[in-house]
A.B. asks: 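I have a structure here, written as structure tokens, and I will follow up with some questions on it.
Chain naming here is simple, since letters A, B, ... match the order of the sequence lines and numbering starts at 1 in each. Predicted, not measured: the structure shown is a model, and the values here were computed from it. Just so you know, these numbers use all the heavy atoms, side chains as well, and skip hydrogens, waters and symmetry mates.
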2 protein chains.
Amino acid sequence: MNGNAVRVALLGCGTVGGEIVRLLREQADELAARAGAPVELVGVAVRRPHKHPELGELLTTDATALVTRDDVDVVVEVIGGIEPARTLLLEALKAGKSVVTANKALLAEEGAALAEAADASGVDLFYEAAVAGAIPLLRPLRESLAGDRITRVAGIVNGTTNFILSAMTESGAGYSDALEEATRLGYAEADPSADVDGYDAASKAAILATLAFHTRVTAADVHCEGIRHVTASDIAAARGIGCVIKLLAICERSPATDDAPEAVSARVYPAMIPAAHPLAGVDGAFNAVFVEAEAAGQLMFYGQGAGGAPTASAVLGDLVAVARNRVHGGRGARESAYAHLPVLPIGAVATRYHVSLEVADRAGVLATIAGEFSTHGVSIAAVRQTGGMADAGADPVSAARLVVVTHAAPEAALAATVQVLAGLDVVHAVDSVLRVEDLGRKGVAP
Amino acid sequence: MNGNAVRVALLGCGTVGGEIVRLLREQADELAARAGAPVELVGVAVRRPHKHPELGELLTTDATALVTRDDVDVVVEVIGGIEPARTLLLEALKAGKSVVTANKALLAEEGAALAEAADASGVDLFYEAAVAGAIPLLRPLRESLAGDRITRVAGIVNGTTNFILSAMTESGAGYSDALEEATRLGYAEADPSADVDGYDAASKAAILATLAFHTRVTAADVHCEGIRHVTASDIAAARGIGCVIKLLAICERSPATDDAPEAVSARVYPAMIPAAHPLAGVDGAFNAVFVEAEAAGQLMFYGQGAGGAPTASAVLGDLVAVARNRVHGGRGARESAYAHLPVLPIGAVATRYHVSLEVADRAGVLATIAGEFSTHGVSIAAVRQTGGMADAGADPVSAARLVVVTHAAPEAALAATVQVLAGLDVVHAVDSVLRVEDLGRKGVAP
């Protein structure tokens, strides 16, 4: 079909869809030169056509009919959410259409079904825009590093929470005030749950882990904690040990041991990271992801993780790739999930912890508490006790604050320790438990 | 040929070649799973077979015969240099072998001929390892950003010179001492010319500009200055204006104006950049590249730019891609040079400058000098004069040091200014002229 147009159906025309339409029109000549054929928009499915008068006859409300139309070669989906996107894309793939989607939630839940449908029809399924917006990350993982053994992918993949945590760090504001500012500036949605509770990052972690480890990882496999419980005191405590708090998505390979086979883990949670780590300097709505591979060493990818134009850039890159394949024959690299590595439960994942306690200020307390850590096999790296006299609101004679930073310990051991500590007479309160991730930094600049 | 092995011939078995052999063997099962067929090494051409006893019957000294052997599907070249690599790869492509190469010098000079030969045979020509080692950079430019309009690619792409400049910055050492240390530690070769004179970076700039702007740019099109003339005083002067000196490769798109059509430039030179810019923090032998595109915004890629294992990682990524295409049919994305944009001569490229002069310390000198800048249309951004009294070695009564930092001006205008200044009675010496690049920083973290 060299010379004939590659015909595109677009599902959804919000911020990202609008940018896709604009770029397809403004860069039509360049896209045609790169793809080897014109890339032509032949239909746009929306719910409210009257909002897009400029699209005229391209508009339809019947997405189901659009995705199987004979004159459609590629379906681009930017609706988001599980349904109707899932049904529409499976129909499209079944009908032999290639698919480009930015839908992280769908991929994290139904990635296997979509990949199978694409394989069955011998068509492309690309989704660079689903993780870290404009940052080329999935193609490097899937292709550039296909000859290497990836050991870790860790980074900041949600701009909303990074904006909130950056604001809390800069101004000392509490979570609610920072969320309010993010909402006012358009960085957080009216219902911020998908972002602040970590679900968006967890979907992305599932996608990253699947590609990095050649093992199907779904959103349900990802341990997920959001940032709602992060307080101004936590931010201050992090600063006290030379750290900042970031919401991290971490996908890690654990080597086989005598007791356990090789496994992977995927998790999302706020964690303290050293202020000197490059990820600590990633502020506002930016994203950055570290990738470590055995031969390549440490790599970093940085850029805009969201927004209409950046996301559209990633979608169009995929679209040109699909179009090239349509013109020249062949398919792009697809996922491979041959490794089938087990996914570790969070209880088996070891990290360091920062535990802040309100304790009785009397002889023997530190020994008792240190004993409980030891009993559970959690090794203490540093302890700092500040007397009750200095702490506003605490009983000036009998209370003190104790901060314990541990060496790496399995989450299950730490959780058991904390449970016992909380029940001790000498512990008035467990104020906070936060992970500390040093991200295996080995002489990394910048 | 699904199920049948993809058979690889390797040309060269030094540091990188040795790592390729090791990884092909150690990761054979994983590579086969990812490629869809075993990736099998069937021959290695070297000059001194006795140095590689472990390769046994795979060895040959007849590279020419190897690259056209019937049982070879892919040729991997890590010899470097123009000949015999050029002839061997053209022969291989003509014989229908796909090619993976790390040879930046060859690509920067003969990229067009290689691309044509690959197109004529319908085979793949990949070279991710040629620029920035393990950092996935060329595939993102060629594929991920194929739907966007790249406006600039700028970065640190030579580890040797970055090591030397980092050492000079950290220790205050002069160029010679820093080079000696780099040589002792294995970061510089016995003949360091390709690195310190900028030729290696210039080859990479040519490759980056070609991909970024869809326009054939060769090494001869790249303006190239090395770091031999950078002094400890220059480093100190940079620090004085809040900058550090880095050897930059810069590929830039200049929009069309009333007087001139859209054009591109590619250049390599040491330049002062703001100490707060992320590239300023890239130390030692690391590489980092900023990419700016209209829709995607600013992206950064960071990692190890050289070394056996990182380079082998990039080669193997390409090799898996080639093997997949052999197994499943189709070809990867190829270069497109459809845009044919003119390449600006360096005289027409505008940057800011830091000019350091020794001048007579008497009334009217500053006015005279400022007048010469003005006459040539070079606007002054800042001036700093330090009296001769304070400068050791200068005549205490009659000499002073004058530092002028300009706004952006075409190189031709600045060069003409400096030429006139050097001939003035009141100018005792033009101590240094260095570019200042702010790299269009717009709120970039980290």
A.B. asks: For a quick test of reading the model, state the closest non-hydrogen atom pair linking B/Leu23 to A/Ala295 and the distance between them.
C.D. replies: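 Looking at all heavy atoms of both residues, the shortest contact is CD1-CB, 3.9 Å.
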A.B. asks: Is the number of heavy atoms from other residues, nucleotides or ligands under 6.0 Å of A/Asp119 CG greater than 12?
C.D. replies: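 Yes, because the 6.0 Å sphere around CG of A/Asp119 holds more than 12 heavy atoms from other groups.
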A.B. asks: Please list all pairs meeting side-chain hydrogen bond (donor to acceptor under 3.5 Å, both in side chains) that have one or both residues in residues 32-41 of chain A, counting only residues at least two apart or in different chains.
C.D. replies: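 Checked against side-chain hydrogen bond (donor to acceptor under 3.5 Å, both in side chains) - neighbours excluded - the pairs reaching residues 32-41 of chain A are A/Glu30-A/Arg34, A/Arg34-B/His214, A/Arg34-B/Tyr338.
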A.B. asks: Could you look at B/Ile135 and say if it's the side chain, the backbone, both or neither that has a heavy atom under 4.5 Å from chain A?
C.D. replies: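 Both parts, backbone and side chain.
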A.B. asks: Give the member of A/Leu137, A/Leu138, A/Asn325, A/Val320 that has the highest number of heavy-atom pairs under 4.5 Å with chain B.
C.D. replies: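 Highest number of heavy-atom pairs under 4.5 Å: A/Val320.
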A.B. asks: Which one, B/Gly317, B/Ser144, B/Gly133, leads in non-hydrogen pairs under 4.5 Å with chain A?
C.D. replies: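 Result: the option with the highest number of such pairs is B/Ser144.
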A.B. asks: Which value, rounded to the nearest 0.5 Å, describes the distance between A/Phe286 atom CZ and B/Met300 atom CE?
C.D. replies: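 Reported to 0.5 Å precision, the distance equals 11.5 Å.
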A.B. asks: As an exercise: rank B/Val39, B/Leu299, B/Leu319, B/Val315 by heavy-atom pairs under 4.5 Å with chain A and give me the winner.
C.D. replies: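 The residue among B/Val39, B/Leu299, B/Leu319, B/Val315 with the greatest pair count is B/Leu299.
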A.B. asks: Would one find more than 12 heavy atoms of other residues, nucleotides or ligands at under 6.0 Å from atom CZ of A/Phe163?
C.D. replies: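 Enclosed: over 12 neighbouring heavy atoms sit under 6.0 Å from CZ of A/Phe163.
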A.B. asks: With sequence neighbours excluded, tell me which residues meet salt bridge (charged side-chain N to carboxylate O under 4.0 Å, His left out) with A/Arg22.
C.D. replies: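 Testing A/Arg22 for salt bridge (charged side-chain N to carboxylate O under 4.0 Å, His left out), a comparison that skips the adjacent residues, returns A/Glu19, A/Glu26.
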A.B. asks: Applying side chain to side chain contact (heavy atoms under 4.5 Å, CB included), run through B/Tyr302 and A/Tyr302 and close with a yes or a no.
C.D. replies: CA-CA 9 Å; B/Tyr302 170 87; A/Tyr302 170 87; over 6 Å; no
A.B. asks: When rounded to the nearest 0.5 angstrom, what is the spacing between NE2 in B/His328 and CZ in A/Arg331?
C.D. replies: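 So the NE2 of B/His328 and the CZ of A/Arg331 are separated by 7.5 Å.
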A.B. asks: Just to be sure I understand the criterion: a residue of residues 303-313 of chain B counts if one of its heavy atoms is under 4.5 Å from a heavy atom of chain A. Which ones qualify?
C.D. replies: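 Under the 4.5 Å heavy-atom cut-off, B/Gly303, B/Gln304, B/Ala309, B/Pro310, B/Ser313 qualify.
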A.B. asks: Any idea which of A/Gly330, A/Pro136, A/Ala134, A/Gly297 has the most non-hydrogen atom pairs under 4.5 angstrom with chain B?
C.D. replies: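 With the most close heavy-atom pairs to chain B, the winner is A/Pro136.
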A.B. asks: What part of B/Leu145 gets closer than 4.5 Å to chain A, counting heavy atoms only: side chain, backbone, both or neither?
C.D. replies: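 Both parts, backbone and side chain.
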A.B. asks: Only pairs at least two apart or in different chains count here, so list each salt bridge (Lys or Arg N to Asp or Glu O under 4.0 Å) that has a residue in residues 297-320 of chain B.
C.D. replies: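 Output for this query lists B/Arg139-B/Asp318.
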A.B. asks: Would B/Glu143 and A/Arg324 count as a side chain to side chain contact (heavy atoms under 4.5 Å, CB included) if you check the C-alpha gap in whole Å, the side-chain angles of each, and the deciding distance to 0.1 Å?
C.D. replies: CA-CA 10 Å; B/Glu143 302 192 47; A/Arg324 273 177 179 153; 4.0 Å; yes
A.B. asks: Between B/Gln27 and chain A, which part of the residue has a heavy atom less than 4.5 Å away: side chain, backbone, both or neither?
C.D. replies: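 It is the side chain, since no backbone atom gets that close.
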